There are 2 protein chains.
Amino acid sequence: MNELITYFNQFNHLSDEAIKAIADISKPVIIKKNQDLQAIGHTCRTIYFIKKGVARIYYFKDDIEITECFAFENAIIARVESLFTGKPSRKAIQMIEDSELIGINSPKLFELYNKFPEIERLFRKIFESAYVDTVNRVESIQFHSAEERYNALLKDSPNVLQRVPLKYIASYLGITQVSLSRIRGIR
Amino acid sequence: MNELITYFNQFNHLSDEAIKAIADISKPVIIKKNQDLQAIGHTCRTIYFIKKGVARIYYFKDDIEITECFAFENAIIARVESLFTGKPSRKAIQMIEDSELIGINSPKLFELYNKFPEIERLFRKIFESAYVDTVNRVESIQFHSAEERYNALLKDSPNVLQRVPLKYIASYLGITQVSLSRIRGIR
DNA sequence: CTGATTATTTATCAAATGATAAATTTTACT
DNA sequence: AGTAAAATTTATCATTTGATAAATAATCAG
């Protein structure tokens, strides 16, 4: 839990009691490379913290697999469009490497919000921050060429290339594998 | 304030005391068509509720103006990447029609969170919902053709066409005015 | 280690979109 | 209503990206 508490402290300090309450609704998850952590069609009821490994959220559009986002160590990952609406998700979470996570039961977490305003505040801030990231992502894909998007990704997370297959990066950038290969070939 | 309270009730019911506290930090704003409600470079310190009118958030990329989003009656609008970070915004909010709004002072609102957990909860839910909308927007622009995005917009908000100039719609869709005109011409 | 599978690159041609310019339509202002 | 300004459409050509196929490289299972 130590990494998780350090992560929380970036947003909001918690009392020992609150930390214990979260620990009580959390459990470790070990998962192998290329396994789905959460399957398509299930309603999101777990918020994951990544201790080790790389995750991606993906979905299908016309039989083509599209990667929505990546997440690395010391970050939270969840399919928020299901988490916050209670509807089944059309998306899956897959671990790209052998991974260790902490799963936090979200219905129980939302219950804790009533007893611990500090926990509600913590997750409010976590998701506000994630919301800002998503707004910035809209900007990055709205009016930039594929090459600009690729270069921005390299600048933003240079380790992506070492850890994530190009086919996933391509759809994340909104282009085909072949186009990405062409862009990379230019330099 | 009545419209605003109705809007709030969609997310979380407030006590009379909490409503009064929000009313005390809010004030009406009347603004003419095509005026900027908030200018580029200012830090966002007001969350607006639109009673009447249409808003858009825009910014410049290489001297080209890009529309990030639209907002209509009975919705909140704010430049969240500035609201939640405290940094100056590179974006502006403009009203596309003669408009009436309610401006809520955000630093004072965030103060109220300490006294009224119900207000913190309300805005948590409001922004969680906006976050989900933004995640869905990423999906819509990530791997759809310009024509698909245009048709999706028409389906989603058919009144956009009547109330928003096409030049704004074009950059919102991530294409040039000329391309949009061509897409529209096909039918 | 070896063969099979998967990932990536390269090549070619087609389709979509951008850039620019000009024509037309709409809107705004007096 | 009449004029100027702004918005939209149309046309042409250039560039980017997609689709498909094939070649090469990397990874994985036995």
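We name chains A, B, ... by the order of the sequence lines, and we start the count at 1 in each one. Any value given below was found using the heavy atoms of this structure, including those in side chains, with hydrogens, waters and symmetry copies removed. Predicted model, so just to flag it, every value in this text is computed and none were measured.
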Undergrad: Rounding to a whole Å, what distance do you find between B:R182:CZ and D:dC13:P?
TA: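 The distance from CZ of B:R182 to P of D:dC13 comes to 14 Å, rounded to the nearest Å.
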Undergrad: Determine whether more than 12 heavy atoms belonging to other residues, nucleotides or ligands lie under 6.0 Å from atom CD of A:E111.
TA: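 No, not enclosed.
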Undergrad: Decide, yes or no, whether a salt bridge links B:K20 with B:D16 under the criterion of side-chain N to carboxylate O below 4.0 Å.
TA: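 Here B:K20 does not pair with B:D16 in a salt bridge, since their nearest N and O are not under 4.0 Å apart.
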Undergrad: Please report, rounded to the nearest Å, how far the P atom of D:dT17 is from the CZ atom of B:F143.
TA: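 Result: 12 Å.
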Undergrad: Looking at B:E128 and B:R124, is there a salt bridge between them, counting it only when a charged N and a carboxylate O are closer than 4.0 Å?
TA: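 So B:R124 pairs with B:E128 through a salt bridge.
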Undergrad: I need the NE2-P distance between B:H144 and D:dT17, as an integer number of Å.
TA: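 The distance from NE2 of B:H144 to P of D:dT17 comes to 19 Å, rounded to the nearest Å.
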Undergrad: Rounded off to whole Å, could you give me the CD1-to-C1' distance for the A:I64 and D:dG18 pair?
TA: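 The distance from CD1 of A:I64 to C1' of D:dG18 comes to 10 Å, rounded to the nearest Å.
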Undergrad: About how many Å separate CD of A:E139 and CD1 of B:I66, when rounded to the nearest 0.5 Å?
TA: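 The CD atom of A:E139 is 7.5 Å from CD1 of B:I66, to the nearest 0.5 Å.
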Undergrad: Any salt bridge linking B:K32 with B:E97? Criterion: basic side-chain nitrogen under 4.0 Å from a carboxylate oxygen.
TA: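 Salt bridge absent between B:K32 and B:E97.
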Undergrad: Determine, for A:K52 against A:E3, whether the closest basic-nitrogen to carboxylate-oxygen distance falls under 4.0 angstrom.
TA: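 Salt bridge absent between A:K52 and A:E3.
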Undergrad: Earliest and latest nucleotide of DNA chain C, 5' to 3', sitting under 4.0 Å from a non-hydrogen atom of chain B?
TA: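 Terminal contacting nucleotides, 5' to 3': C:dT17 to C:dA28.
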Undergrad: Rounding to a whole Å, what distance do you find between A:K167:NZ and D:dA25:C1'?
TA: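 Rounded to whole Å, this separation is 15 Å.
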Undergrad: Enumerate the residues from residues 169-180 of chain B whose closest heavy atom to DNA chain C is under 4.0 Å, giving them by residue number; use none for an empty result.
TA: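 Per residue number, the list reads B:G174, B:I175, B:T176, B:V178, B:S179.
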Undergrad: Report the distance from atom CD of A:E97 to atom P of D:dT27, rounded to the nearest whole Å.
TA: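 Distance, rounded to whole Å: 13 Å.
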Undergrad: Starting at CD of A:E147 and ending at C1' of D:dT17, how long is that distance when rounded to a whole Å?
TA: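 The answer, rounded to whole Å, is 12 Å.
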Undergrad: Is any side-chain N of the basic residue among B:E148 and A:K61 closer than 4.0 Å to the acidic one's carboxylate O?
TA: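 A salt bridge is present here (some side-chain N lies under 4.0 Å from a carboxylate O).
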Undergrad: When you look at B:F70 and B:Y58, which way does the ring pair (Phe, Tyr, Trp, His ring centres under 6.0 Å) test go after all the steps?
TA: CA-CA 9 Å; B:F70 302 110; B:Y58 71 92; over 10 Å; no
Undergrad: Starting at atom CD of A:E148, determine the distance to atom P of D:dT15, rounded to an integer number of angstrom.
TA: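 Atom-to-atom, A:E148 to D:dT15, this comes out as 17 Å.
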Undergrad: Before accepting this row, confirm whether a basic side-chain N of the pair A:R163/A:E73 lies closer than 4.0 Å to the acidic partner's carboxylate O.
TA: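 Between A:E73 and A:R163 there is a salt bridge, with a charged N closer than 4.0 Å to a carboxylate O.
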